[in-house]
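Everything below concerns the one structure shown next.
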Amino acid sequence: MDGYKEFTLQIKNLCKIDLSNYKEKQMKRRIESLIRRNGLSDYDSYLKLLVTSNKHLKEFMDYITINVSEFFRNPSQWSVLENDILPVLVSKKKHLRIWSSACAAGEEPYSLALLFAKKGMLDNVDLIASDIDIKALEQAKQGSYPPKSVVNIPKPLLDKFFLKTNDTFTLKEEIKKKIDFKILNLLDDTFPQRCDLILCRNVMIYFTEEAKDKLYKKFYDALVDEGIFFVGSTEQIIMPQKYGFFSIKSFFYQKVVTR
Ligand SMILES: C[S@@+](CC[C@H](N)C(=O)[O-])C[C@H]1O[C@@H](n2cnc3c(N)ncnc32)[C@H](O)[C@@H]1O
């Protein structure tokens, strides 16, 4: 389908998402399937629909942001975090500042909170969580999940920190109130600073190389000296040293201090 470039310019004006930072082939495939699903055959008429219908604009945002997640996604990496990374961070500092930077409906920051709750250390951490998708953030604040999202949560944690009604698991207030949820576009907005640990998982895969290059630099700046950057399971950084990172474990990078 023709007209993608013009469409991206209009979308930038309409909802502040710069699609030129997302891999074109993948994004085109997704949007074109949505266009057809709406019974249309070109970008121009789809844009007209988006401009006039809030419902379709919401559907579009939902579809392109792809907020699939689950608690403790890729459990073996969370074991490394729990057993190798966090003990070192905790031993160096009494109070940690952690940012989950594409938090979807909250599964990732709540997984972090559960690790601290398990050790009775919730008061020793500030947890910031952000995403571009307002709807996902609203769900995150509610903290209610279907059974498939919670499959990786160890039973003692599930029993202790969730209320179960019918087929829904809802986090208790003591966990929910720990997370500071914010709307934040990684490609556009200022990052929280002085973080001890940043998670950016399963979102970089959608971005172009140029966008990734800028983001790695921004993540480096957002970390404290020797802070840790935790990435998704298909998102290893090709040349971490180029960005001032040292690969401390698979999927975990440490900020190298050059002084
Ligand atoms: C597949 S989910 C990953 C969720 C979680 N980090 C995980 O690994 O399970 C990708 C998330 O990235 C968000 N996202 C996409 N583009 C973004 C951007 N430019 N800024 C911030 N978040 C973005 C989406 O809204 C979505 O919630």
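All of these numbers come straight from a predicted model, not from anything done at the bench. Counting convention: from 1, in listed order, for ligands and their atoms alike.
- Of the listed options Asn185, Ile183, Asp189, Asn21, Asn185 places a heavy atom closest to atom 19 (N) of ligand 1.
- Below 3.5 Å of separation, one finds an N or O of Leu186 facing an N or O of ligand 1.
- The nearest heavy-atom contact from the protein to atom 12 (O) of ligand 1 is Val203 CG2, 3.4 Å.
- Listed by number with element, the atoms of ligand 1 under 4.0 angstrom from any heavy atom of Ala104 are 4 (C), 27 (O).
- Remark: the backbone N or O of Val256 is paired with a side-chain donor or acceptor of Tyr220 at under 3.5 angstrom.
- A donor-acceptor pair is defined here as one N or O able to donate and one able to accept, closer than 3.5 Å; no such pair exists between the side chain of Thr168 and the backbone of Pro146.
- Residue contacts with ligand 1 for Ile17 are absent, since no atom lies close enough (heavy atoms, distance under 4.0 Å).
- Geometrically, ligand 1 and Asp133 share no nitrogen or oxygen pair separated by less than 3.5 Å.
- Residue Arg201 approaches ligand 1 through these ligand atoms, each under 4.0 Å from one of its heavy atoms: 3 (C), 5 (C), 6 (N), 7 (C), 8 (O).
- In the displayed structure, Asn54 atom CG is contacted under 6.0 Å by at most 12 heavy atoms of other residues, nucleotides or ligands.
- Taking the six-membered ring wherever Trp is involved, the centroid distance between the rings of Tyr110 and Phe181 falls below 6.0 Å.
- By the neighbour-count criterion of 12 heavy atoms within 6.0 Å, atom NZ of Lys92 is densely surrounded, having more than that number from other residues, nucleotides or ligands.
- A donor-acceptor pair under 3.5 Å is formed between the side chain of Arg97 and the backbone N or O of Gln193.
- Nearest protein heavy-atom neighbour of atom 4 (C) of ligand 1: Ala102 O, 3.3 Å.
- Here the closest non-hydrogen pair linking Asp123 and His95 is O-CE1, 3.1 Å.
- Among all non-hydrogen protein atoms, the one lying nearest atom 8 (O) of ligand 1 is Asn202 ND2, 2.7 Å.
- Under a 4.0 Å criterion applied to the non-hydrogen atoms of Thr65, ligand 1 contributes the atoms 24 (C), 25 (O), 26 (C).
- When non-hydrogen atoms are compared, ligand 1 lies under 4.0 Å from neither the backbone nor the side chain of Ala136.
- Inspection of the Asp213 and Tyr243 side chains reveals an N or O donor paired with an N or O acceptor under 3.5 Å.
- Only the side chain of Tyr22 comes within contact range of ligand 1, with a heavy atom under 4.0 Å; no backbone atom does.
- Between the side chain of Asp133 and the backbone N or O of Thr65, no donor-acceptor pair lies under 3.5 Å.
- Annotation: Ser69 places an N or O atom under 3.5 Å from an N or O atom of ligand 1; distance criterion only.
- Summary of contacts: the protein heavy atom closest to atom 27 (O) of ligand 1 is Asp131 OD2, 2.7 Å.
- For ligand 1, the polar-atom distance check against Tyr206 finds no nitrogen or oxygen pair separated by under 3.5 Å.
- Residue Glu108 approaches ligand 1 through these ligand atoms, each under 4.0 Å from one of its heavy atoms: 5 (C), 6 (N), 7 (C), 8 (O).
- Nearest protein neighbour of atom 23 (C) of ligand 1, counting heavy atoms only, is Ile132 CG2, 3.5 Å.
- Under 4.0 Å from ligand 1, the heavy atoms of Leu184 that appear belong solely to its backbone.
- Of all the heavy atoms of Ile66, the ones lying under 4.0 Å from any atom of ligand 1 belong exclusively to the backbone.
- Remark: ligand 1 atoms within the under-4.0 Å shell around heavy atoms of Leu187 are 19 (N).
- Centroid-to-centroid, the aromatic rings of Phe245 and Tyr216 stay 6.0 Å apart or farther.
- Considering both main-chain and side-chain atoms, Cys103 never comes within under 3.5 Å of ligand 1 through any nitrogen or oxygen pair.
- Among the candidates Phe161, Phe71, Phe162, the single residue satisfying the ring-ring contact (aromatic ring centres under 6.0 Å, His included) test with Tyr145 is Phe71.
- Glu235 places a side-chain N or O within 3.5 Å of a backbone atom of Ile205 that can act as its donor or acceptor partner.
- Put simply, the residue from Tyr253, Phe230, Trp99 that forms a ring-ring contact (aromatic ring centres under 6.0 Å, His included) with Phe219 is Trp99.
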